[in-house]
Amino acid sequence: MQYQFNEIEKNWQKYWEENKTFRAEDNSVKPKYYVLDMFPYPSGAGLHVGHPLGYIASDVFARYKRLQGFNVLHPMGYDSFGLPAEQYAIQTGQHPATTTKTNIEGGVDKEGNVIPGYRNQMDKIGFSFDWDREVRTSDPKYYKWTQWIFKQIFNSWYNKASDKAEKIDDLIATFKAEGNRNVNAVTDYEDIFSAEDWNSWSEEEQRKVLMSYRLTFLSDTWVNWCPALGTVLANDEIKDGVSERGGHPVEQKLMRQWSMRITAYAERLLSGLDGLDWTDSIKDIQRNWIGKSEGASVTFKVLSPTLSKGEGDTSPKYLTGDPAISHLLLEKAKEMRANPTPAESALWQQLKGKKLDAKFRQQHPVDTFIPDFVCLDKMLIVEVDGDIHDIQQEQDQERTHRLNELGFEVLRFRNEEVLADIDTVVNKIVAVLAQRSSIKDGDKVLPSGKDLGWEIEVFTTRPDTIFGVSFMVLAPEHELVDKITTTEQKEKIEAYKKAASLKSERDRMSDVKTISGEFTGAYALHPFTGDKVPVWIGDYVLATYGTGAVMAVPCGDQRDWDFAKHFDIPILNIFKDQDISEAAYAEKDAIIANSDFLNDLPAKKAIKAAIYEIEQRGFGKGKTQYKLRDAVFSRQRYWGEPFPVYYKGEIPYLLESDEVVELPPVDKYLPTEDGEPPLARANKEDWNVDCPGDRMEYNTMPGWAGSSWYFLRYMDPTNDNEFVAKDKVDYWKNVDLYIGGAEHATGHLLYSRFWTKFLYDLGYIPFEEPFQKMINQGMIQGNSALIYKLFVKCNVTYSKFDENNIGCDTGFGSLSTKQDFFISVNKLKEIKESKANLLDLIPLDVKEELKERTWNNASHQKNNFGLKKNIGSPLDLSYFNFELSGDLVSGNIDIKYLNGDKLNIEDAAKNSLFHYLNLGIFIMDDGSLFSLRDSSPANKTGNFIVGREIDKMSKSKYNVQTPDELVAKYGADTLRCYEMFLGPLEQHKPWDTQGITGVHGFLKKLWRLFHDDNGFNVFDEEPTKEELKSLHKTIKKIKEDIERFSFNTPVSAFMICVNELTALKCNKRAILSDLCIILSPYAPHIAEELWKKLGNTESISNAVFPKHNEEYLTESNHKYPVSFNGKMRFMLELPVEMGKEDIEKEVLANEQTAKYLDGKSPKKVIVVPKKIVNVVV
RNA sequence: GCUCGAGUGGUGGAAUUGGUAGACACGCAAGACUUAAAAUCUUGUGUCCAUUAGGACGUAUGGGUUCAAGUCCCAUCUCGAGUACCA
């Protein structure tokens, strides 16, 4: 009786659907288990054999868990918003909803192509999905809740104090009551405001401030703009500088965008990884992406250009007022001098005319102020304050602070003090003057001028190396560059900036080797030593990371070292006993030297000490920095979730109603002429909601919005009141096993962790991580078929010279053969190996014909020259020259025309895509020629072998293998077992159908165990010991293998078991029943069929996975491999319970032992009971 | 460059904690059945030497630890993935 897999599989698939066999119960006494596959995007191309690989593995596991008594949730749905459907809509004008539906449910597209439909394809493979829970992200019933989550995020801020997201209402209450002074939030808002400030602001102003706190916010951001796709892309959607989808160029553009403040979660996203059962590689990728670095931020003061020249400007400057307002200041000063207070007047009498050995000026403008008295040489300011100063102390403080920054010391006296005891006042001034050095004495004193007060803030992970700083480098885009550059360097700096800006992102990335930079002419002050440090610009410093500036430590950083060497900047060595003459020493294990208070400390301690000291002295602080950027959340696209947002002017508001905002109809899926996103084409009345403002939001959400929370919706897919009911999410909790590709490491897998943590913070779900255990299935690669074509050309060159040897006519022409030549790949190899010319493959008469034709073709020149064919050389006066050449090109051919590596030429040529095969001559593997036009197929002698290449499986390579064909030919059970049998799930492997016959044969063999020629043939006899051993050995192995997610080895185990039982001619019910159960996760259809034939009425998925019985596995004897010096020589069967000494005796007594001892006596005998014996000679 | 992973027959791969390397399957070869083909079945199949008996060599390469290494350690090479001037 034959194994009719097609019929069996159809019947059981129908049975499962009708009986809802795989429905998951929301409330069950059974323990829960949640098995999830990554969300598929339903493309028109349908599934290829690579897609179901993960689904089969998860299905095996889900079915196994059911047999183990778990209530299993194993759902499937579609991430159905996305770019391809929209691109297709733009091309064909069809609504993406229509094509998406066809891609899922099957049908015929506009061009008449049959679309199989994801659902139909999956059904054919016999998955145990609970289809009642299917979700589609593009369904308004689904995206209603995506919008709802967006609203929650909009209405939240991140409280660093509690380290979680909180409601924005609480923050507003705080602002109202006490301003933001005590708020510790993740925000880009830098100012401090009071409750009064807040309450005095308009709603618009308040909303602007709140925008800086919300976890999703609108801001002008530099984004990756892809002109070809007409939208922005997230960092993870770009690979190698081009868009991941389509490979289009990407440029930087400043746009007003929604962003998600994922950076608030950077630390938790990082630390959360530790508890996850994911591969190290994925964790590493995420760690890398988050990019945490700890260190310090340090501020360097910059010297003014005058001093920076090197020699310094030592003469005190007379004009110290802000040049921008100098005329105002001078006028005011004159006015004040004319009307001094009595105290001012009294003091001036003591100070004027160098009475104190220092020249004082009265009412002299400095910066934007007019202090009462100034000594420019000693940079001392003396102020005499009246009563008015009692109520403006804050302003005075600020003024003093500013003047201090400029290098001035400020002495303040009160009116009464001066009038009461002027001598004491003067003495004080004299004392201070004596302490201060003259500006002429050194160049470290900052001269006055508006150009001061500049600072360079840098971030460093190695504050311990701060004494090794010998220069600083700014990114060419750094805002200080223009200000600090000296006039001498201006031209060079401008040229460098221009060159750097012209370099594209890709150039900058690819050209990391070239060292370039330019000196600004300015110097910074080392905060510890006070040394002058030259400030350079260089494009190895990125404007977008950190502060866009670095303190360069050439001895400890290779890039700084390279830069210093290249520009001949001194390299200070601050490491004890380290040679830095050839390269920088970047390891953190060195001892610090030449570094003041850091000397003799190991790096780790030195880092702490340095940060402490930096903080103490107030020019920096310890800081942690992340590479992770806030995630851009707007797409200028149609086919995505609309935002529940409208605008009044420029201010966005959330729609208050809970109603879903549906995608409005539009006339075209293209941007408007003003460059607005497609949704701008919809009028206000086209939307299903009332827009209370000026307009709706025109952007849509990115692809990752819907997929960031879909695993929650499966728990409660039809709930109209909540995104998921509390009791359901409390029961199902997070995903126990997640199977999918590793390509989402920095996208979906990071974003869904972010949203999960957010929903957890707000108390909606009871867990913080969405996917506890994850397995990344490897890619199944396509095995492309290549056909090689040789173009044969005859090139002719000719030259004619006149009597004076001057060329008067030259030319070039070429003709090719009438037919192309296709070459069997083995012939190509032969030629290559023998290093012969490819043209040797071409028949002589063809080459002669081509030369002849080329000669005739050149008739005009020929007659003109009066020359014969093939004569002449460049030395002759006039000549023709012929040359044959061959160009080898390869093209892909559809793998369905292959039998092994042999091409079925006749069938392939019938396909319009490969019509060119009709025009060619095939050089077969035996060297014979074949042409579809000239010879009949019967005359064909050899075979035509194609080249093979491992590629990504894709339509354009004609190497796609669909599961449907294989299911039709071998059945779903065979496909399932074969895909698992191919190798470890995680590994990448090329697809090859050759081995599938072996797996198919195994299922046929299984079928024959239950049947003979007359039909079903199973008896109730008592099983033998061997039969029980074979079965229980297999039960044990299957359980162990599945539980450690080794999906390939069980298939071998089943084969071994079936082979053994076949050899034993076992047809006993007790054995075969259990075999059916353990096989059912892999081959569910045949298992169900045989289970039914065994007399069971319920589905095998309700059966219980049998427990193996150790008793059947233990044997009385063990076959010991006996080794001599580790080399296995013979086997010796001994009783299991025999002790070590007895085994040793037995082995040494054995006659074969004598042979291997070769007369020597054994030094030592190692006996491992039930394992091995090793004799050391 | 850095990080992670992997290198086992002609091929996919197995060997779970150091204990018989190459299970299972493909492919190939020979044979059986058949008019023939397909299907099916049987046998063989790491490499080399040897008629056999048997032996030598073998898990990318070179060292090491061990009674014993595909497995552990060190160095090197190759391939794959991620990332890329991240301070």
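Being a predicted model, the structure only gives us computed values, none of them experimental. Quick note on labels: first sequence line is chain A, next is B, and so on, each numbered from 1.
- Atom CD1 of A:I1042 is separated from atom P of B:U16 by 18 Å (rounded to the nearest Å).
- If you check B:U83 for Watson-Crick or wobble pairing at under 3.5 angstrom, you find it paired to B:G1.
- Among the heavy atoms of the strands lying under 4.0 Å from A:Y1156 are primed sugar atoms or P, OP1, OP2 only; no base atom is included.
- For A:I285, the listed nucleotide lying nearest its side chain is B:G82; candidates were B:G82, B:U16, B:C85.
- Protein atom NZ of A:K1037 is 8 Å distant from nucleotide atom C1' of B:A14, rounded to whole Å.
- Listed nucleotides B:A25, B:G27, B:G55 differ in distance to A:N1059; the shortest reach to its side chain belongs to B:A25.
- A distance of about 25 Å separates the C1' atoms of B:G27 and B:C79, rounded to the whole Å.
- Atom CD of A:E294 and atom P of B:C86 are 18 Å apart (whole Å).
- Comparing B:C67, B:A56, B:G19 by their closest approach to the side chain of A:K1171 singles out B:G19.
- Taking syn as a glycosidic angle within 90° of 0, B:G9 qualifies as syn.
- Comparing B:U20 with B:A15, their P atoms are spaced 13 Å from each other, to the whole Å.
- Formation of a donor-acceptor pair under 3.5 Å by the A:D560 side chain with backbone atoms of A:V553 is found in this model.
- Nearest nucleotide to the side chain of A:T1049, out of B:A14, B:G27, B:U40: B:A14.
- Within the nucleic acid shown, A:K1119 has no heavy atom closer than 4.0 Å to any nucleic acid atom.
- B:A6 and B:G10 have their P atoms separated by 23 Å, given to the nearest Å.
- Distance, A:N1048 CG to B:A23 C1': 12 Å, rounded to whole Å.
- Nearest nucleotide to the side chain of A:V1168, out of B:A87, B:G19, B:A39: B:G19.
- There is no side-chain donor-acceptor pair under 3.5 Å between A:S1046 and A:D1041.
- Of the listed nucleotides (B:U40, B:C26, B:A87), B:U40 has the atom at the smallest distance from the side chain of A:R1008.
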Under 3.5 Å, which N/O atoms of the protein pair with N/O atoms of nucleotides 5-12 of chain B?
residue : atom : partner : partner atom : Å
B:G12   : O2'  : A:L982  : O            : 2.5

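- Aromatic ring orientation, A:Y978 versus A:W991: perpendicular (interplanar angle above 60°, classes split at 30° and 60°).
- Closest contact between the side chain of A:D284 and the listed nucleotides B:U40, B:C4, B:G55 involves B:C4.
- Put simply, the side chain of A:K1127 does not reach to within 4.5 Å of the side chain of A:Y1156, judged on heavy atoms.
- Listed candidates were B:A14, B:G55, B:A25. Nearest to the side chain of A:M1055 is B:A25.
- Across the protein-nucleic acid pair, A:R559 atom CZ and B:A87 atom C1' stand 5 Å apart, rounded to whole Å.
- In this structure, the side chains of A:L1006 and A:L1079 come closer than 4.5 Å at one or more pairs of heavy atoms.
- Nucleotide B:C26 holds its C1' atom 8 Å from the OH atom of A:Y978, rounded to whole Å.
- Annotation: of the two residues near RNA chain B, A:G291 and A:V1175, the 5′-most nearest-nucleotide partner is A:V1175.
- Contact check on A:R287 versus A:D274 returns a salt bridge, with a Lys/Arg side-chain nitrogen under 4.0 Å from an Asp/Glu carboxylate oxygen.
- Across the protein-nucleic acid pair, A:M1128 atom CE and B:U20 atom P stand 9 Å apart, rounded to whole Å.
- With B:C86, B:U20, B:U16 as the choices, the nucleotide that has an atom nearest any side-chain atom of A:E1040 turns out to be B:U16.
- Nearest to the side chain of A:R1044, among B:A87, B:C26, B:A15, sits B:A15.
- Heavy-atom nearest nucleotides on RNA chain B were determined for A:S1046 and for A:H1118, and the one closer to the 5' end corresponds to A:S1046.
- Below 30°, between 30° and 60°, or above 60°: for A:W536 and A:F567 the angle between ring planes is between 30° and 60°, a tilted geometry.
- For the atom pair OH of A:Y1082 and OH of A:Y64, the computed distance is 10.5 Å after rounding to the nearest 0.5 Å.
- With rounding to whole Å, A:K1127 atom NZ is found 15 Å from B:U20 atom P.
- Contacts of A:M551 with the nucleic acid, taken as non-hydrogen atoms under 4.0 Å apart, are absent.
- Across all strands shown, nothing is found opposite B:A53 as a Watson-Crick or G-U wobble partner with both distances under 3.5 Å.
- Within the nucleic acid shown, A:V1176 comes within 4.0 Å of sugar-phosphate atoms alone, with no base atom in reach, counting heavy atoms only.
- Ring planes of A:H1011 and A:W1007: parallel class, angle under 30° (limits at 30 and 60°).
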